[in-house]
Each structure stands twice: as structure tokens, then as C-alpha cells.
Engineer: 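Here it is, the structure, as C-alpha cells.
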Amino acid sequence: MLATSLAYQSHQQKALMTSIVSEQTLDKASNYFDSLNMLMLTGTISQRNTLREKMLSHKGIDDARVIRGDAITRFFGPGNPEQSPQDTIDQRALDGETIVETFEADAGKVGGCAADESQQRLSRH
């Protein structure tokens, strides 16, 4: 009975941790996109690389990108190299899907990746 109880508690703790990481990742991605929108509205979008570098300086953030879809690429050009789709997660986001995937990171930590139809992507561990 004790082993079953411990196994259940362990499963519940992992599920809670996964949920927290997923929500925090989505929140950070949303904040990044909101900040980019403010740069556009204030005419300072040329500083987007500074914002990206600031996001990447946060502990646990491995990648932060806004992915350009075909219509934006046709109108504004290809943009920076990190703005093109790089994998199936990027393509799924461009197709309108919201994706939150969690994974085991170094030292047993839980990591997450969020991408959504607003064509932003944030990876963290």
C-alpha cells in the first residue's frame, strides 16, 4: 500500500510540475510577443534583437523566436535567419496550432516548448 501511495504522489507531483512549466512557458512567450507588438506600435521595432537578447538572458530560456509565415515573408522579406520555420513544431504553429510540449531536460528537470498561431516560439528548460 505504501509503494502505491508513493508512486501516486510521485505521479501527481510530476503532473503538477509539467503543468506549471507549460503555463509559465506560454506566459513568457505571450509577454515576448506583447513586447514586440509594443515595439511595432512605438516605431522602435528595429530594437527587436535587443528584446530577443534580453529574453535569452533569462535563466532557463533556450530560444525565443517569432516565425514569419509566407504572407509576411512575401510582403516584408525573409527577415532574420531565426524567423524562418526550422522544424515541424514551427510549421504546426504556422498552420494555426497551439503547441505545448514538455520534455525531460538535463538532471531530470522538466522543460517545455510553446508555439502558437501568433507564430511565436519559446523554448525553456
Side-chain angles (χ1 to χ4, degrees):
M1 183 68 168
L2 180 60
T4 303
S5 177
L6 289 174
Y8 178 75
Q9 285 180 345
S10 175
H11 173 74
Q12 289 297 98
Q13 287 178 348
K14 186 172 181 177
L16 177 61
M17 181 61 71
T18 299
S19 174
I20 290 169
V21 167
S22 296
E23 186 160 330
Q24 287 178 346
T25 302
L26 281 172
D27 285 346
K28 287 190 180 289
S30 180
N31 289 339
Y32 180 55
F33 202 67
D34 288 347
S35 296
L36 285 168
N37 282 333
M38 286 303 296
L39 290 178
M40 284 188 278
L41 291 171
T42 59
T44 56
I45 193 65
S46 62
Q47 296 179 19
R48 68 182 175 266
N49 287 335
T50 303
L51 177 62
R52 183 171 188 265
E53 289 171 14
K54 173 81 171 153
M55 179 64 77
L56 292 173
S57 73
H58 292 180
K59 183 179 178 187
I61 302 292
D62 296 324
D63 194 13
R65 296 184 285 121
V66 175
I67 307 154
R68 288 185 181 221
D70 290 336
I72 297 298
T73 299
R74 279 193 303 273
F75 191 78
F76 292 105
N80 297 331
E82 73 275 359
Q83 292 178 305
S84 62
Q86 297 179 6
D87 56 26
T88 58
I89 292 175
D90 290 352
Q91 192 56 54
R92 287 168 52 196
L94 287 171
D95 292 340
E97 183 179 349
T98 297
I99 305 136
V100 178
E101 294 186 358
T102 56
F103 53 87
E104 294 291 325
D106 296 335
K109 295 179 182 176
V110 177
C113 173
D116 67 19
E117 69 282 352
S118 62
Q119 301 166 0
Q120 60 188 345
R121 178 167 176 178
L122 181 82
S123 299
R124 63 189 307 256
H125 69 271

Engineer: Considering non-hydrogen atoms only, spot the tightest contact between Leu56 and Ala64 and give its length.
Structural biologist: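 So the minimum-distance heavy-atom pair works out to CD2-N, 3.6 Å.
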
Engineer: Hydrophobic clustering (ILVMFWY, side-chain heavy atoms < 4.5 Å, transitive) - are Met38 and Ile45 grouped together?
Structural biologist: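 They do not share one cluster, since no chain of ILVMFWY contacts under 4.5 Å joins Ile45 to Met38.
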
Engineer: So do Leu16 and Gln12 actually touch side chain to side chain, heavy atoms under 4.5 Å?
Structural biologist: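 No, too far: nothing below the 4.5 Å cut-off.
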
Engineer: Could you report the tightest heavy-atom contact between Ser35 and Leu51, atom names first, then the distance?
Structural biologist: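 Heavy atoms of Ser35 and Leu51 come nearest at CB-CD2, 3.5 Å.
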
Engineer: Just by distance, no angles: are the side chains of Gln91 and Asp87 close enough, under 3.5 Å, to form a donor-acceptor pair?
Structural biologist: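 Distance-only check fails for Gln91 and Asp87.
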
Engineer: If only atom types and distance count, is the side chain of Ser19 paired as donor or acceptor with the main-chain N or O of Ala15 below 3.5 Å?
Structural biologist: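 It does not hold such a pair.
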
Engineer: Would Lys28 and Ile61 satisfy side chain to side chain contact (heavy atoms under 4.5 Å, CB included), going step by step from the backbone distance to the final call?
Structural biologist: CA-CA 9 Å; Lys28 287 190 180 289; Ile61 302 292; 3.7 Å; yes

Engineer: Of all heavy-atom pairs between Asn49 and Glu82, which one has the smallest distance, and what is that distance?
Structural biologist: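 That would be OD1-OE2, 4.1 Å.
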
Engineer: Please name all residues satisfying side-chain hydrogen bond (donor to acceptor under 3.5 Å, both in side chains) with Arg48, sequence neighbours left out, ordered by chain then number.
Structural biologist: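 Per chain and number, Arg48 pairs via side-chain hydrogen bond (donor to acceptor under 3.5 Å, both in side chains) with no residue.
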
Engineer: Is it true that Tyr32 and Met40 fall in one hydrophobic cluster, defined by side-chain heavy atoms closer than 4.5 Å?
Structural biologist: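 Same cluster.
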
Engineer: Which residues pass the side-chain hydrogen bond (donor to acceptor under 3.5 Å, both in side chains) test with Ser46, sequence neighbours left out?
Structural biologist: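 Applying side-chain hydrogen bond (donor to acceptor under 3.5 Å, both in side chains) to Ser46 gives none.
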
Engineer: Any ion pair linking Arg65 and Asp63 (charged N to carboxylate O, less than 4.0 Å)?
Structural biologist: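 The answer is yes: the pair qualifies as a salt bridge.
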
Engineer: What's the spacing between Arg68 CZ and Asn80 CG if we round to 0.5 Å?
Structural biologist: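 Answer for the CZ-CG pair, Arg68 versus Asn80, is 7.0 Å.
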
Engineer: Who passes side-chain contact (heavy atoms from CB on, under 4.5 Å) against Glu23, sequence neighbours left out?
Structural biologist: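 With sequence neighbours excluded, Glu23 shows a side-chain contact (heavy atoms from CB on, under 4.5 Å) to Asp27, given in chain and number order.
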
Engineer: Taking the side chain as every heavy atom from C-beta outward, state whether Leu36 and Gln47 have any atom pair closer than 4.5 Å.
Structural biologist: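 Leu36 does not reach Gln47 side chain to side chain.
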
Engineer: Locate the shortest heavy-atom distance separating Leu94 from Pro85; write the atom from each residue and the value.
Structural biologist: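 Where Leu94 meets Pro85 most closely, the heavy atoms are CD1-CG, 3.3 Å.
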
